[in-house]
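In each ligand, atom 1 is the first atom listed, and ligand 1 is the first ligand listed.
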Amino acid sequence: MASLQISGGSVRFVAGFNRTGCIRPICSLGFPHSRSRFSIGRPLLLRRASVSGESETDDITDAERDVSASSSASLLGFQLVPPGDQEIISTNTTKETTHQEETSDATDESEMADFGVPGNRAVEEGAAEVEYTSVKAEVINNLVFVTSEAAPYSKTGGLGDVCGSLPIALAGRGHRVMVISPRYLNGTSADKNYARAKDLGVRVTVHCFGGSQEVSFYHEYRDGVDWVFIDHQSYHRPGNPYGDSKGAFGDNQFRFTLLCHAACEAPLVLPLGGFTYGEKSLFLVNDWHAGLVPILLAAKYRPYGVYKDARSILIIHNLAHQGVEPAATYSNLGLPSEWYGAVGWVFPTWARTHALDTGEAVNVLKGAIVTSDRIITVSQGYAWEITTVEGGYGLQDLLSSRKSVINGITNGINIDEWDPSKDEHIPFHYSLDDYSNKVKCKMALQKELGLPIRPECPMIGFIGRLDYQKGIDLIQTAGPDLMVDDIQFVMLGSGDPKCESWMRSMEETYRDKFRGWVGFNVPISHRITAGCDILLMPSRFEPCGLNQLYAMRYGTIPVVHATGGLRDTVENFNPYAEGGAGAGTGWVFSPLSKDSMVSALRLAAATYREYKDSWEGLMRRGMSRNYSWENAAVQYEQVFQWVFMDPPYIN
Ligand SMILES: Nc1ncnc2c1ncn2[C@@H]1O[C@H](COP(=O)(O)OP(=O)(O)O[C@H]2O[C@H](CO)[C@@H](O)[C@H](O)[C@H]2O)[C@@H](O)[C@H]1O
């Protein structure tokens with residue numbers, strides 16, 4: 001790993017094979033439009049059923065294709081962890097656990113509690129159904145979110161959801177909130193998302209990559225939030241924020257370096273509503289794409305007395321993507337030379353390609369971890385996981401050293417967009433008071449997909465990026481076993497081309513049972529969430545996960561692997577609890593194996609068929625939970641208070 005090669009006039013960073021046999025990244029030095037490493041997945045001519053039930057061919061456009069942040073500067077597939085033993089949580093609803101299970105569970109729980117934040121009422125009061133009355137924050141801050149995506153302007157996954165809804169919740173509590181992301185124009189109808197954003201007429205020159213770049217700022221004030229879009233020609237091209245059908249963009253390091261420099265200038269130069277946000281801003285830095293911000297505050301601004309009163313919080317949505325590029329690219333980042341140590345990173349010896357390979361690289365997320373004032377992960381379980389060798393992706397020791405400033409706060413969801421009583425994407429509406437229309441949503445979905453219309457047949461759904469993280473290999477292995485059962489299965493997603501073709505062949509083999517929809521399609525994701533009885537999430541790791549939250553709100557029962565946020569948010573079903581009334585909101589299986597997943601699904605399907613009361617109990621408990629951002633916002637505010645108590649971490 002990590003050798004530098006001169007090839008065809010460009011320097012390439014060549015990766016070797018990892019322990020699981022996947023080819024590790026091959027990345028370029030980030031020259032505009034040179035291609036780098038992971039391929040994103042080819043466009044697929046997919047066959048899908050039309051509403052009339054007939055099969056049709058649909059050419060998925062770039063705008064629709066799901067290409068996630070994972071495609072960019074990712075360590076995914078680069079197994080930086082020794083294979084560890086999985087803890088065992090029985091999928092048995094009688095909850096018979098072995099001594100080993102009890103021990104490991106107890107350890108995890110107590111260690112995870114270290115990452116909790118006072119104010120988490122859902123946890124503290126042990127009540128899922130806590131009601132929140134919207135109140136104003138006690139202390140008001142100037143908040144500046146920096147992110148590579150924010151829905152509805154840009155979204156390839158959960159990062160877009162969170163950065164599109166948490167800022168609104170915080171603004172509703174009285175904070176002044178700005179969200180900064182690129183103004184992506186890809187020549188499709190998605191460009192109209194930016195139609196209301198107006199050029200502020202402010203120009204800033206950014207010095208990086210051996211030259212100077214002029215960026216401009218577009219602005220829309222909506223739902224109490226200043227949405228600011230950085231404009232530069234490198235954000236204008238077909239594809240999604242990270243790549244296109246040929247793979248991840250080779251200049252992503254450049255594009256996100258530009259974002260970070262411009263984001264640091266924004267609070268100083270943009271007179272939004274007549275006034276700048278000023279130097280006492282709190283930067284909320286999301287994932288590696290924004291990771292240069294805290295480094296710039298420390299290295300570029302504070303030495304000159306600017307941003308002395310500012311603070312930064314790194315929000316980790318996914319540690320598998322760290323923005324790793326060759327060490328030689330350091331000079332591109334626009335940082336003083338003496339700050340190399342902040343981002344300098346060395347691959348472990350075993351991961352290098354040969355004896356002379358020094359394994360040196362720059363790692364933007366690592367730099368953010370060492371320079372940000374505090375760190376938040378999107379669930380408590382994940383906060384603990386990233387400090388372990390299994391979940392730390394090589395950064396576990398560093399993260400453990402900053403354990404005292406790490407907190408886990410479980411994501412909320414946009415309860416207006418995801419509301420079965422008024423969802424514009426679903427054909428029939430329902431609620432906790434009357435969910436009789438849910439089965440009509442199922443029948444409509446069966447019709448739309450060209451499946452036999454069978455309201456009594458358990459319908460299982462999967463929605464997500466088709467990649468290693470989401471455990472798609474497990475679904476593929478389990479496919480034939482599952483198809484023996486009397487169920488229907490629908491998958492929506494795109495990414496790994498092999499999985500895309502597997503979906504197509506499954507659909508051809510099991511015409512009455514399986515449908516695969518390749519692409520990124522928000523309306524369909526809503527209809528699957530409403531129409532299915534069961535939502536499957538066998539994620540290998542899941543920092544929080546949003547689909548299980550959407551599912552529970554829609555009375556769709558999640559069957560999830562016991563990891564990260566899935567374990568935090570789904571309570572394993574116990575039919576004997578509460579004097580036989582039952583408890584729990586889904587099935588949480590472990591270990592991550594085909595057998596364990598299939599038995600959990602079979603248990604769920606059998607409960608659906610034979611124990612209607614238990615099923616309705618599961619639905620009701622899931623639907624009555626409070627998923628709004630209110631609980632999370634209160635905890636975020638607690639961390640905001642803590643972050644201003646201390647001087648900046650790097651002063
Ligand atoms: N093909 C498709 N068509 C339409 N919609 C699709 C789709 N594929 C995915 N989506 C949507 O994208 C979002 C995915 O959210 P997740 O939280 O599951 O995952 P993601 O891994 O992207 O996010 C990372 O960040 C989030 C936010 O913090 C964490 O919850 C998560 O664990 C972490 O991996 C959901 O809104 C889902 O409906």
Side-chain angles (χ1 to χ4, degrees), residues 41 44 46 48 60 63-71 74 76 147-152 154-166 240-242 284 286-289 315-321 376-379 381-383 385-386 391 408-414 417-418 425 461-472 490-496 499-500 503 516-530 535-551 553-554 556 558 560-561 563-569 627 629 632:
L44 185 68
L46 78 156
R48 70 180 184 207
I60 296 297
E64 288 175 296
R65 198 173 308 117
D66 176 17
V67 188
S68 74
S70 56
S71 312
S74 168
L76 210 58
T147 174
S148 59
E149 45 182 288
S154 51
K155 167 177 164 177
T156 69
L159 173 63
D161 282 341
V162 170
C163 290
S165 52
L166 172 60
N240 80 12
Y242 313 106
L284 296 157
N286 293 271
D287 279 352
W288 81 263
H289 318 94
I315 304 177
I316 299 179
H317 300 262
N318 198 332
L319 191 69
H321 313 300
I376 290 176
T377 64
V378 290
S379 71
Y382 193 61
E385 279 178 22
I386 61 173
I409 301 177
T410 303
N411 286 332
I413 62 173
N414 182 336
E417 189 197 345
W418 291 90
H425 302 303
F462 169 93
I463 301 165
R465 293 182 282 109
L466 303 179
D467 72 14
Y468 176 80
Q469 174 190 348
K470 301 294 178 185
I472 47 164
V490 53
M491 283 180 74
L492 167 66
S494 64
D496 175 18
C499 188
E500 290 175 351
M503 279 159 62
W517 190 304
V518 177
F520 193 89
N521 192 315
V522 172
I524 295 291
S525 73
H526 283 243
R527 292 203 280 280
I528 290 176
T529 305
L535 187 91
L536 175 62
M537 292 184 75
S539 305
R540 192 159 264 108
F541 67 95
E542 197 60 81
C544 177
L546 298 173
N547 287 321
Q548 82 281 10
L549 303 180
Y550 301 147
R553 185 155 162 82
Y554 278 62
T556 302
V560 303
H561 174 221
T563 184
L566 298 179
R567 185 160 98 159
D568 284 7
T569 55
Y627 299 104
W629 272 106

Task: Option set Trp418, Tyr382, Phe520, criterion heavy-atom distance to atom 5 (N) of ligand 1, minimum - done: Phe520

Open item on the list: Please verify the inter-ring angle class for Phe541 with Tyr382; under 30° counts as parallel, over 60° as perpendicular, anything in between as tilted.
Closed with: parallel

Open item on the list: Heavy-atom contact check, 4.0 Å cutoff: does Trp517 meet ligand 1?
Closed with: no

Open item on the list: Polar contacts were defined as any N/O atom of the residue lying under 3.5 Å from an N/O atom of the ligand; does this apply to Val378 and ligand 1?
Closed with: no

Task: N or O pair under 3.5 Å between Asp161 and ligand 1 - done: yes

TODO: State the atoms of ligand 1, each with its element, that fall below the 4.0 Å cut-off from a heavy-atom position in Gly493.
DONE: 1 (N)

Open item on the list: Using a plain distance cutoff, I'd like to know if Thr156 has any nitrogen or oxygen under 3.5 Å from a nitrogen or oxygen of ligand 1.
Closed with: no

Task: Atoms in ligand 1 with a heavy atom of Gly464 nearer than 4.0 Å - done: 8 (N), 9 (C)

Task: Enumerated ligand 1 atoms positioned under 4.0 Å from heavy atoms of Pro543 - done: 32 (O), 33 (C), 34 (O)

TODO: List every atom of ligand 1 that sits less than 4.0 Å from any heavy atom of Lys470, numbering the atoms from 1 in the order shown and giving each element.
DONE: 18 (O), 19 (O), 20 (P), 21 (O)

Task: Among Thr563, Thr569, Asp568, side chain to side chain contact (heavy atoms under 4.5 Å, CB included) partner for Ser379 - done: Asp568

Open item on the list: So Glu417 and His526, do their side chains get closer than 4.5 Å, heavy atoms only?
Closed with: yes

- [ ] Run the numbers on Ser148 and Asp287 for side chain to side chain contact (heavy atoms under 4.5 Å, CB included), then give the verdict.
- [x] CA-CA 9 Å; Ser148 59; Asp287 279 352; over 6 Å; no

TODO: Heavy-atom contacts with Gly157 under 4.0 Å: which atoms of ligand 1 show up? List them by number with element.
DONE: 12 (O), 13 (C), 14 (C), 22 (O)

Task: Heavy-atom side-chain contact between Val560 and Ser539 under 4.5 Å - done: no

Open item on the list: Geometry only, no angles: is Val162 polar-contacting ligand 1 at N/O separations under 3.5 Å?
Closed with: no

- [ ] Determine, step by step, whether Asn240 and Glu149 satisfy the side chain to side chain contact (heavy atoms under 4.5 Å, CB included) criterion, reporting the C-alpha distance in whole Å, the side-chain angles of both residues, the deciding distance to 0.1 Å, and the verdict.
- [x] CA-CA 10 Å; Asn240 80 12; Glu149 45 182 288; over 6 Å; no

TODO: May I ask which of Ala551, Gly158, Ser494 has a heavy atom nearer to atom 26 (C) of ligand 1 than the others do?
DONE: Gly158

Task: Trp629 side chain near Asn411 side chain, heavy-atom distance below 4.5 Å - done: yes

Open item on the list: Please report the interatomic distance CE(Met537) to NZ(Lys470), rounded to the nearest 0.5 Å.
Closed with: 5.5 Å

TODO: Decide whether Asn286 and His317 meet the rule of one side-chain donor and one side-chain acceptor closer than 3.5 Å.
DONE: yes

Open item on the list: So, taking the atom named CG in Leu319 and the one named CD in Glu385, what distance separates them when rounded to the nearest 0.5 Å?
Closed with: 10.5 Å

- [ ] Kindly give the heavy-atom pair with the smallest separation between Asn547 and Ile463, and that separation in Å.
- [x] ND2-O, 3.1 Å

Open item on the list: When you compare ligand 1 with Cys544, is there at least one nitrogen or oxygen pair between them that comes in under 3.5 angstrom?
Closed with: yes

- [ ] Any atoms of ligand 1 less than 4.0 Å from a non-hydrogen atom of Asn547? List them with their elements.
- [x] 18 (O), 35 (C), 37 (C), 38 (O)

Open item on the list: Would Ser379 count as a contact residue for ligand 1, given that I'm defining contact as a non-hydrogen atom of the residue lying under 4.0 Å from a ligand atom?
Closed with: no

Task: Any N/O pair Ile463/ligand 1 closer than 3.5 Å - done: no

TODO: Output the list of atoms in ligand 1 that are nearer than 4.0 Å to some heavy atom of Asn411, sorted by atom number.
DONE: 27 (C), 28 (O), 30 (O)

Open item on the list: Out of Gln469, His317, Met537, Gln548, who is nearest to atom 24 (C) of ligand 1 when you count heavy atoms only?
Closed with: His317

- [ ] Would you mind listing which atoms of ligand 1 come within a distance below 4.0 Å of any non-hydrogen atom of Asn318?
- [x] 34 (O)

- [ ] Fit a plane to each ring of Tyr550 and Trp418, take the angle between them on a 0 to 90° scale, and name the class: parallel (under 30°), tilted (30 to 60°) or perpendicular (over 60°).
- [x] parallel

